[in-house]
**Student:** 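Before anything else, here's the structure in question.
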Amino acid sequence: MPIIHHHARLNILVAVRGHPFDRTAFDALFQDMEGVSATMVDQPAAARLMNPKGMAGFDALVLYDMPGLDFEHPAERPGIISPPDELKSGLRALLEQGTGVVALHHALAGWPDWPDYAEWLGGRFLYAPSELRGQMRLDSGYAHDVTYDAINVAPDHPVMAGIPATFAMCDELYLAEIFEEDVTPLLRSSAHFTADRFYSPQHALAGRMHCNDGWAHPDGGNLIGWAKQAINSRLVYLQPGDGRSAYDQPDYRRLVRNALFWVTGRTP
């Protein structure tokens, strides 16, 4: 009788916290994922594991956190917190050794005081007008519960294997800074990324939710998913993933699973 070799499960570390989310529904995304074993760790404890020693035994890192921001002190909102030096050196060492990373949704807004982090991820969501790559930029935009078609623009890429040409989503979108020239596009949105369709987080922090008065943000691109190299690591960023309607979408689940296998150099 032939011996059938089953590939070992992927062990992944999932960093969370810093932004509200449905923990039970998000956890189910991974618990239901075939061939994947996920361990969810909250920030700031997660940051202490983001180094080669802390990640020993894990195959990939998932970022679903939004560290580096303090929303509690109204004098300066958001307060910007710098990353600890041990995290900066630890995450760099992980990327140098080739540990794969999948970053989801609000991870794009994490660590605003860490330029390398934005370069590794391929973009940044700005909570406040900020300097980025030597230029001043307005705060980024957000829009909840947008119904749109997600468009597969890289059907031959392993991350997009089995993903239809288009699939329907209802999720939060960002009008954010994306370094499109540095990434491999995977997924685009049919939505219009213009200031009239998004809201300013600066207004929201001042108590004016869903307001874009006087916020003349330039038009943005429609790229919502990409792959790139971060030092020696493969990285995938997927903008979808705000809540249950995204977590439960079968094509989104497949996309996240494909991304995890691709960043680890394995075949699902």
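In this text, all values refer to a predicted model and were calculated from it rather than measured experimentally.
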**Student:** How long is the gap from CD1 on Ile12 to CG on Leu260, to the nearest 0.5 Å?
**Tutor:**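 Taking CD1 in Ile12 and CG in Leu260, the distance rounds to 4.5 Å.
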**Student:** Would Phe261 end up clustered with Phe58 when hydrophobic side chains under 4.5 Å apart are linked, directly or stepwise?
**Tutor:**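 Each belongs to a different hydrophobic cluster.
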**Student:** Give a yes or no answer on whether the side chain of Arg234 reaches the backbone of Trp262 with a donor-acceptor pair at less than 3.5 Å.
**Tutor:** yes
**Student:** Is the shortest side-chain heavy-atom distance between Thr184 and Trp226 below 4.5 Å?
**Tutor:**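 They are not in contact (no side-chain heavy atoms under 4.5 Å apart), so the answer is no.
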**Student:** Using the side chain to side chain contact (heavy atoms under 4.5 Å, CB included) rule, take Glu119 and Tyr117 through it: C-alpha gap first, then chi angles, then the decisive distance, then the call.
**Tutor:** CA-CA 5 Å; Glu119 295 296 331; Tyr117 182 81; over 6 Å; no
**Student:** For Arg92 and Asp116, indicate whether the former's side chain and the latter's backbone hold a donor-acceptor pair under 3.5 Å.
**Tutor:**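 No; judged by distance alone, with no hydrogens or angles, the pair does not exist.
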**Student:** Do Lys228 side-chain atoms and Pro185 backbone N/O form a donor-acceptor pair below 3.5 Å?
**Tutor:**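 Answer holds: no.
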**Student:** Got a donor-acceptor contact below 3.5 angstrom from the Tyr64 side chain to the Arg17 backbone?
**Tutor:**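 Between the backbone of Arg17 and the side chain of Tyr64 there is no qualifying donor-acceptor contact (under 3.5 Å).
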**Student:** At what distance, to the nearest 0.5 angstrom, does CG of Asn232 lie from CG of Leu95?
**Tutor:** 8.5 Å
**Student:** Are Leu29 and Arg244 close enough that some pair of their side-chain heavy atoms sits under 4.5 Å apart?
**Tutor:** no
**Student:** To the nearest 0.5 angstrom, please state how far the CG atom of Asn222 sits from the CG atom of Leu173.
**Tutor:** 10.0 Å
**Student:** Can a donor-acceptor pair be found, under 3.5 Å and without considering hydrogens, that links the side chain of Gln249 to the backbone of Tyr252?
**Tutor:** yes
**Student:** Nearest 0.5 angstrom please: His144 NE2 to Met209 CE, how far?
**Tutor:** 6.0 Å
**Student:** Identify the two heavy atoms, one from Leu205 and one from Pro78, that lie closest to each other, and give their separation to 0.1 Å.
**Tutor:** CD1-CD, 3.2 Å
**Student:** Would Val102 end up clustered with Met40 when hydrophobic side chains under 4.5 Å apart are linked, directly or stepwise?
**Tutor:**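 As far as the 4.5 Å side-chain criterion goes, Met40 and Val102 are connected within one cluster.
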**Student:** Where is the tightest heavy-atom contact between Ala47 and Leu87, given as atom of each residue plus distance?
**Tutor:**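 Nearest heavy atoms, Ala47 then Leu87: O-CD1, 3.8 Å.
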**Student:** Would you say Asp149 and Thr166 are linked by a side-chain donor-acceptor pair, where the criterion is simply a distance under 3.5 Å?
**Tutor:** no
**Student:** Has the side chain of His217 got a donor or acceptor atom that lies under 3.5 Å from a matching backbone atom of Gly141?
**Tutor:** no
**Student:** For residues Pro164 and Phe167, report the shortest heavy-atom separation together with the two atoms involved.
**Tutor:** CG-CB, 4.1 Å
**Student:** Find the distance between CD1 (Ile151) and OG (Ser189) and round it off to the nearest 0.5 Å.
**Tutor:** 6.5 Å
**Student:** Compare all side-chain heavy atoms of Val62 with those of Leu104 and state whether any distance is below 4.5 angstrom.
**Tutor:**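 A side-chain contact exists here, since the closest heavy-atom pair is under 4.5 Å.
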**Student:** Can you list the steps and then say if Arg266 with Asp59 is a salt bridge (charged side-chain N to carboxylate O under 4.0 Å, His left out)?
**Tutor:** CA-CA 10 Å; Arg266 305 233 205 130; Asp59 300 302; 3.4 Å; yes
**Student:** Closest heavy-atom contact between Ala60 and Thr99?
**Tutor:**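 Nearest pair, atom of Ala60 first, then Thr99: CA-CG2, 4.4 Å.
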**Student:** Take Tyr127 and Asp139 through the test side chain to side chain contact (heavy atoms under 4.5 Å, CB included) and record every step on the way to the result.
**Tutor:** CA-CA 5 Å; Tyr127 260 92; Asp139 48 321; over 6 Å; no
**Student:** Verify ring pair (Phe, Tyr, Trp, His ring centres under 6.0 Å) between Trp111 and Trp120, making sure each step is shown before the conclusion.
**Tutor:** CA-CA 12 Å; Trp111 296 122; Trp120 293 334; over 10 Å; no
**Student:** If we only count heavy atoms from C-beta on, is the Val159 to Leu255 side-chain gap below 4.5 Å?
**Tutor:** yes
**Student:** Under a 3.5 Å distance rule, please check whether Asn258 uses its side chain to pair with a backbone N or O of Ala161 as donor and acceptor.
**Tutor:**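 Judged by distance alone, yes, a pair lies under 3.5 Å.
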**Student:** State, with a plain yes or no, whether a side-chain heavy atom of Met50 is found less than 4.5 Å away from one of Met55.
**Tutor:** no
**Student:** Do the side chain of Ser140 and the main chain of Leu126 share a donor and acceptor less than 3.5 angstrom apart?
**Tutor:**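 A pair under 3.5 Å: yes.
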**Student:** Quick check: does any side chain N or O of Ser233 sit under 3.5 Å from a backbone N or O of Gln229, one acting as donor and the other as acceptor?
**Tutor:**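 Absent.
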**Student:** Any side-chain heavy atom of Asn212 within less than 4.5 Å of one from Arg197?
**Tutor:** no
**Student:** Taking the side chain as every heavy atom from C-beta outward, state whether Val36 and Gln31 have any atom pair closer than 4.5 Å.
**Tutor:**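 Not in contact.
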**Student:** Tell me whether Tyr237 contacts the main-chain N or O of His105 through its side chain, where contact means a donor paired with an acceptor under 3.5 Å.
**Tutor:** yes
**Student:** Would you give the length of the straight line joining atom CG of Leu13 to atom CG of Leu61, rounded to the nearest 0.5 angstrom?
**Tutor:** 5.5 Å
**Student:** Between Gly90 and Pro52, what is the shortest heavy-atom contact and its length?
**Tutor:**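 Scanning both residues, the minimum pair turns out to be O-CD, 3.8 Å.
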**Student:** Checking Arg253 against Tyr247: charged group under 6.0 Å from the ring centre and within 45 degrees of the axis?
**Tutor:**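 Judged by the rule, Arg253 and Tyr247 form no cation-pi pair.
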**Student:** Checking Arg133 against Glu177 for the salt bridge (charged side-chain N to carboxylate O under 4.0 Å, His left out) test, could you report, in this order, the C-alpha distance in whole Å, the side-chain angles of both residues, the deciding distance, and whether it holds?
**Tutor:** CA-CA 10 Å; Arg133 288 186 157 187; Glu177 303 294 331; over 6 Å; no
**Student:** With ring centroids as reference points, do Tyr142 and Tyr174 lie under 6.0 angstrom apart?
**Tutor:** no
**Student:** Pair Lys53, Glu86 - check salt bridge (charged side-chain N to carboxylate O under 4.0 Å, His left out), show working.
**Tutor:** CA-CA 12 Å; Lys53 186 178 175 187; Glu86 54 269 29; over 6 Å; no
**Student:** Leu69 and Pro112: which non-hydrogen atoms are nearest, and at how many Å?
**Tutor:**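 Of all heavy-atom pairs spanning Leu69 and Pro112, the closest is CD2-CG, 3.7 Å.
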**Student:** Between Ser200 and Gln202, do the side chains contain a donor N or O and an acceptor N or O under 3.5 Å apart?
**Tutor:** no
**Student:** Any side-chain donor paired with an acceptor under 3.5 Å for Gln43 and Asp65?
**Tutor:**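 Yes.
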**Student:** Show, in sequence, the C-alpha distance, side-chain angles and deciding distance for Asp219 and Phe193, and conclude whether the side chain to side chain contact (heavy atoms under 4.5 Å, CB included) test is met.
**Tutor:** CA-CA 6 Å; Asp219 294 353; Phe193 288 76; over 6 Å; no
**Student:** Is any side-chain heavy atom of Ile81 closer than 4.5 Å to one of Pro67?
**Tutor:** no
